[in-house]
2 protein chains.
Amino acid sequence: MPVGLNDQEIQVLGDVVSHKRKIQRGGYLHRSGSKFQSLFAIRSGFLKTCVLEEDGRQQVTGFHMTGELLGLDAISTDTHTCDAIALEDSEVCEIPFAKLEEISRTIPSLMRHFHKIMSREIVRDHGVMLLLGSMKAEERLASFLLNLSRRFLMRGYSESEFNLRMTREEIGSYLGLKLETVSRAFSKLQDENIITVDNKHIQINDIARLRLKMGNSSCIT
Amino acid sequence: MPVGLNDQEIQVLGDVVSHKRKIQRGGYLHRSGSKFQSLFAIRSGFLKTCVLEEDGRQQVTGFHMTGELLGLDAISTDTHTCDAIALEDSEVCEIPFAKLEEISRTIPSLMRHFHKIMSREIVRDHGVMLLLGSMKAEERLASFLLNLSRRFLMRGYSESEFNLRMTREEIGSYLGLKLETVSRAFSKLQDENIITVDNKHIQINDIARLRLKMGNSSCIT
DNA sequence: TGTTAATTTTGATTCAGATCAATTAAAGCG
DNA sequence: CGCTTTAATTGATCTGAATCAAAATTAACA
């Protein structure tokens with residue numbers, strides 16, 4: 001559901017503007033404050049975006065996987081507003097933004113598509129705002145897992161079994177919870193036989209009940 | 001800070017595509033689920049956007065004033081994802097989106113400007129996510145007031161004295177708090193002589209201390 | 001492969017904010 | 001203008017998540 005391109009669309013963009021870049025686990029794709037030149041389409045891997053607060057702690061603003069587009073926030077001021085860090089070895093395709101704008105002038109469908117992607121990011125953020133503003137810990141985690149599940153499914157992976165790339169602390173940061181609370185929520189869902197947790201390996205045993213846990217189905221579509 | 005156009009920019013757009021529309025207090029500019037055709041530039045007034053949850057309660061996703069652009073979320077699916085309701089008599093300028101895209105193809109600076117506006121909305125949402133994910137009640141209210149203050153200032157109004165257009169409940173919904181908590185936070189700030197509250201009338205007595213209250217200055221820029 | 005560091009789980013306690021409840025104040029309206 | 005409805009304040013209590021603390025597990029790496 002989050003900002004995404006299908007394989008074919010990535011291909012089209014790739015033909016036009018392609019400059020691949022590898023980032024290894026823990027490496028930065030870009031840093032907050034750095035000059036914005038290009039958007040990045042993720043070809044493989046898994047990244048997080050986060051902002052550094054002055055006290056040194058960081059707040060995760062999103063997790064991003066293959067097919068998603070990073071850097072949309074930087075268009076506003078020509079400066080990146082967050083760090084993008086690889087949670088596993090990743091490969092991205094650099095898309096010089098000026099070029100993208102230029103090309104989209106002559107290909108209306110590309111322009112339209114790009115606008116839809118930006119808009120989808122806004123809708124996604126509103127979903128997260130709803131989650132943070134109105135859901136309790138267990139509901140947040142259920143939403144989060146269902147969101148990951150759907151994204152893995154869309155990419156041809158299992159929707160019921162996957163490995164988390166991020167720590168409990170990073171999940172907590174994203175969901176507005178402390179890591180202990182995240183851990184407890186995992187344990188609770190496991191006690192109810194809704195999921196099976198083995199450290200980073202998650203198995204969803206009863207997706208319907210997980211959806212019920214989330215309650216408010218309008219969130220994180 | 002939120003998505004905005006200056007007077008001149010509104011003028012430019014207005015020359016190209018202008019169809020004004022008045023919405024009286026309590027009226028809908030658009031409803032969730034309705035077909036998306038146009039963006040709306042606010043010429044005067046004050047609106048809120050909100051999503052209706054299935055239980056009938058509504059969650060406020062934003063407050064919007066003169067010069068701001070509404071409807072960006074609807075581009076994604078050609079369907080509005082939220083309700084936009086006037087909190088006071090308002091006037092908007094309708095901007096048919098297809099026309100905007102067409103024109104922006106020939107005016108690069110307009111296209112660029114539009115992209116910046118969408119991006120700014122994403123940045124704004126990230127700020128709200130940060131607020132909801134990591135700030136406590138008093139800090140949230142301080143952020144909210146400072147944000148309003150700055151927006152009023154940008155529009156030529158007093159930054160230290162203004163009337164709220166929304167209820168405590170709507171503020172709470174936006175900030176992820178209950179209305180009682182919002183009320184208590186107002187009282188607390190007043191007890192500390194940082195602000196003076198007279199129902200909907202707010203006077204900021206010590207903007208520096210209000211900023212300190214907010215703490216983490218990276219939020220809601 | 002052993003040693004250290006990081007991560008995760010679980011328990012006990014505390015606290016901010018929700019909830020429940022009642023009063024006061026303001027706004028709509030016949 | 002008085003009556004009704006809606007909004008706001010304030011208090012008392014309860015609760016979910018934070019915090020503090022310790023143990024267990026996993027990962028990193030020399």
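Everything numeric in this text was worked out from a predicted model, so none of it was measured. Residue numbers start from 1 in every chain, and the chains themselves are labelled A, B, ... in the order their sequence lines are given, proteins ahead of strands.
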The side chain of B:E180 lies closest to which of these nucleotides: C:dA26, C:dA16, C:dC20?
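Comparing C:dA26, C:dA16, C:dC20 against the side chain of B:E180, the answer is C:dC20.
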
Rounded to the nearest 0.5 Å, what separation is found between the CD atom of A:Q59 and the CG atom of A:L52?
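Spacing of CD (A:Q59) from CG (A:L52) equals 11.5 Å.
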
Does a nitrogen or oxygen in the side chain of [X] sit under 4.0 Å from OP1 or OP2 of [N]?
| X | N | result |
| --- | --- | --- |
| A:S187 | C:dT10 | yes |
| B:R168 | C:dA25 | no |
| B:T181 | C:dA18 | yes |

How would you label the contact of [X] with the nucleic acid (heavy atoms, under 4.0 Å): base, sugar-phosphate, or nothing?
| X | value |
| --- | --- |
| B:K188 | nothing |
| A:G176 | sugar-phosphate |
| A:R25 | sugar-phosphate |

In this structure, how many angstroms lie between the [atom2] atom of [N] and the [atom1] atom of [X], rounded?
| X | N | atom1 | atom2 | answer |
| --- | --- | --- | --- | --- |
| B:E88 | C:dG28 | CD | C1' | 18 Å |
| B:L177 | C:dA16 | CG | C1' | 11 Å |
| B:L179 | C:dC20 | CG | P | 13 Å |
| B:N199 | C:dG28 | CG | P | 11 Å |

Note: chain A reaches DNA chain D at heavy-atom distances under 4.0 Å over the stretch, first to last nt, 5' to 3', of D:dA17 to D:dA28

Partner residues of A:K178 under the salt bridge (Lys or Arg N to Asp or Glu O under 4.0 Å) criterion, sequence neighbours left out:
none

If we fit an axis to the first five pairs and another to the last five of the helix from C:dT1-D:dA30 to C:dG30-D:dC1, what angle do they make, to the nearest 10°?
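Answer for the end axes of this duplex: 60°.
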
